[in-house]
Amino acid sequence: MDTQLQELIDTALSMRKMSYTPYSHFNVGAALLGADGKIYTGCNIENASYTPTNCAERTAFFKAISEGMREFKAIAIAGGKEDAKELDYCPPCGVCRQVMSEFCKDDFKIILVKSSTEYKEYTLTDLVPERFTPDNLLG
Ligand code: THU
């Protein structure tokens with residue numbers, strides 16, 4: 001396998017350790033590959049008031065954007081209960097798909113990770129076939 005893909009997968013898995021999840025105990029890690037070749041990491045961050053909770057994917061996007069990167073190639077996502085012996089696939093929520101739609105092209109890769117060797121690869125078009133994008137507003 002491509003070494004950069006393997007690094008993305010392993011980074012998403014290891015980022016679960018950083019999750020702040022006292023309420024759900026559901027830990028999600030994300031690794032976002034910028035057009036600059038840099039990996040931007042994210043984890044989910046919960047809040048006692050619930051709605052301010054930020055998903056792992058959006059944490060990674062917001063970190064990247066705040067550092068000046070606005071073009072992306074791929075994201076790897078790994079999630080599951082903190083004490084799970086093995087993970088199931090964790091697809092991105094609708095809000096995160098919308099954030100991806102803002103910054104990513106149709107062929108942006110979304111890699112759902114179950115383990116270091118088990119993963120499924122999609123494109124943004126696969127997961128959001130009809131999406132609302134900046135083009136709808138800006139033409
Ligand atoms: N979560 C993510 O981090 N990403 C997703 O795409 C799905 C949900 C988090 C939010 C919350 O902290 C926990 O998983 C349970 O919903």
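Just so you know, ligand 1 is whichever comes first in the structure, and atom 1 is the first atom listed for that ligand. Throughout, residue positions are numbered sequentially from 1 according to the sequence presented. Not measured: the values here are computed from a predicted model.
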Heavy atom under 4.0 Å from ligand 1: found in Ser24's side chain, backbone, both, or neither?
side chain

Classify the contact between Pro91 and ligand 1 as side chain, backbone, both or neither, using a heavy-atom distance cut-off of under 4.0 Å.
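Just the backbone.
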
Is the ring pair Tyr50/Tyr23 parallel, tilted or perpendicular, if the boundaries are 30 and 60 degrees?
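Rings of Tyr50 and Tyr23: tilted, 30 to 60°.
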
Atom 16 (O) of ligand 1: protein heavy atom closer than 4.0 Å?
no

Consider every N or O of [X] and every N or O of ligand 1, then say whether any pair is closer than 3.5 Å.
| X | answer |
| --- | --- |
| Cys93 | yes |
| Glu57 | yes |
| Asn54 | no |
| Ala56 | yes |
| Glu46 | yes |

Starting from atom 8 (C) of ligand 1, which protein heavy atom do you reach first, and at what distance in Å?
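For atom 8 (C) of ligand 1, the nearest protein heavy atom is Cys55 SG, 4.0 Å.
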
Looking at atom 9 (C) of ligand 1, what's its closest protein heavy atom, distance included?
Asn44 ND2, 3.4 Å

Is any side-chain heavy atom of Arg131 less than 4.5 Å from a side-chain heavy atom of Leu124?
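They are in side-chain contact.
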
If you define the side chain from C-beta out and look only at heavy atoms, does anything of Thr41 sit under 4.5 Å from Thr11?
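Side-chain contact under 4.5 Å: yes.
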
In terms of hydrophobic clusters joined by side-chain contacts under 4.5 Å, are Val95 and Phe61 together?
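As far as the 4.5 Å side-chain criterion goes, Phe61 and Val95 are not connected within one cluster.
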
What I want to find out is whether Glu67 reaches Lys38 closely enough, with some N-O distance under 4.0 Å, to be called a salt bridge.
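Yes, charged N to carboxylate O under 4.0 Å.
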
Ion pair Asp107/Lys73, N-O distance below 4.0 Å:
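Looking at Lys73 together with Asp107, the answer is no, because their closest N to O distance does not fall below 4.0 Å.
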
Determine whether the side chains of Asn54 and Thr59 contain a donor N or O and an acceptor N or O closer than 3.5 Å.
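The criterion, which ignores hydrogens and geometry beyond distance, is satisfied for Thr59 and Asn54.
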
Which atoms of ligand 1 sit under 4.0 Å from any heavy atom of Pro92?
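Under 4.0 Å from Pro92, ligand 1 has these atoms: 6 (O).
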
When you measure from the centre of the six-membered ring of Tyr122, is the NZ or CZ of Lys109 closer than 6.0 Å and no more than 45° off the axis?
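Negative - Lys109 is either too far from the ring of Tyr122 or too far off its axis.
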
Report yes or no: does Thr21 have a heavy atom closer than 4.0 Å to ligand 1?
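Judged by the 4.0 Å heavy-atom criterion, Thr21 does not count as contacting ligand 1.
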
